[in-house]
Amino acid sequence: MSSYDHIIHKDNKVSLFTRVAQAVASWTGKPITFFVAVGLILIWALSGPIFGFNDTWQLVINTSTTIITFLMVFIIQNSQNRDTAAMQIKLDELIIRLEGAREELLDLEELDEEDLVVIRRDFCKRASKARRKAEDGSNTA
């Protein structure tokens with residue numbers, strides 16, 4: 001069993017890209033991967049005197065890190081998008097199940113920034129009001 005088998009259930013029919021993205025995200029998120037990367041950088045740095053710190057020596061690390069960073073942006077974004085979508089679905093399910101919950105809040109992630117600011121201000125006002133009420137209740141007790 002590989003270290004990322006738990007991420008994708010065997011009966012899920014996900015795309016090859018999703019499988020690769022999850023495997024890479026799982027692998028790159030491990031401490032050993034970080035230490036391997038640090039080791040490679042140390043080997044590269046220590047090899048500088050051997051190659052006379054020439055342009056090719058510098059180009060190796062610059063090109064390698066640029067390519068890895070470029071590809072990792074897509075892996076991270078894919079992982080983030082899936083995680084966010086799954087969390088939204090779970091939160092929507094909870095909102096639907098709560099009696100008295102405002103179902104118009106189900107698709108907030110689809111609203112413009114200005115609309116979100118208005119709703120956020122409303123919740124901040126509610127929170128302040130609830131804190132004042134709690135403080136007044138604790139002061140009179």
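This structure is a prediction, so every number in the text was calculated from the model and none was measured.
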Can you confirm whether T33 sits close enough to W27 that some side-chain heavy atom of one is under 4.5 Å from a side-chain heavy atom of the other? yes
Roughly how far, to the nearest 0.5 Å, is NZ of K129 from NZ of K125? 11.5 Å
Are M72 and I67 grouped together when hydrophobic residues (ILVMFWY) are joined by side-chain heavy atoms under 4.5 angstrom apart? no
Do V24 and L16 belong together in a cluster built from hydrophobic side chains that touch within less than 4.5 Å? yes
To the nearest 0.5 angstrom, please state how far the OG1 atom of T84 sits from the CD1 atom of I89. 11.0 Å
Hydrophobic cluster identity match, V38 and L46, side-chain contacts under 4.5 Å: no
Heavy-atom distance under 4.5 Å between the side chains of F74 and N78, does that happen here? no
So does F17 have more than 12 non-hydrogen atoms from other groups sitting under 6.0 Å from CZ? yes
Distance, nearest 0.5 Å, that separates CZ of R82 from OG1 of T18: 5.5 Å
Look at atom CG of D55 and say whether more than 12 heavy atoms of other residues, nucleotides or ligands are closer to it than 6.0 Å. no
Is it the case that R126 places NZ or CZ above or below the six-membered ring of F123, under 6.0 angstrom from the centre and within 45 degrees of the axis? yes
Around atom CE of M87, are there more than 12 heavy atoms from other residues, nucleotides or ligands closer than 6.0 Å? no
Donor-acceptor pairs are to be reported for all side-chain atoms of residues 94-111 against protein atoms at under 3.5 Å, with residues two or more places apart or in another chain.
residue	atom	partner	partner atom	Å
R97	NE	E93	OE2	2.7
R97	NH2	E93	OE2	3.1

Decide whether D92 and Q88 meet the rule of one side-chain donor and one side-chain acceptor closer than 3.5 Å. no
Drop me the distance from W57's CH2 to N62's CG, to the nearest 0.5 angstrom. 9.5 Å
Test your reading of the model: is there a side-chain donor-acceptor pair from D112 to the backbone of E114, 3.5 Å cut-off? no
Hphob cluster co-occupancy, F51 + W44, side-chain heavy atoms under 4.5 angstrom: yes
Output for pair (S64 OG, L59 CG), nearest 0.5 Å, gives 8.5 Å
Straight-line distance of I76 CD1 to N81 CG, nearest 0.5 Å: 12.0 Å
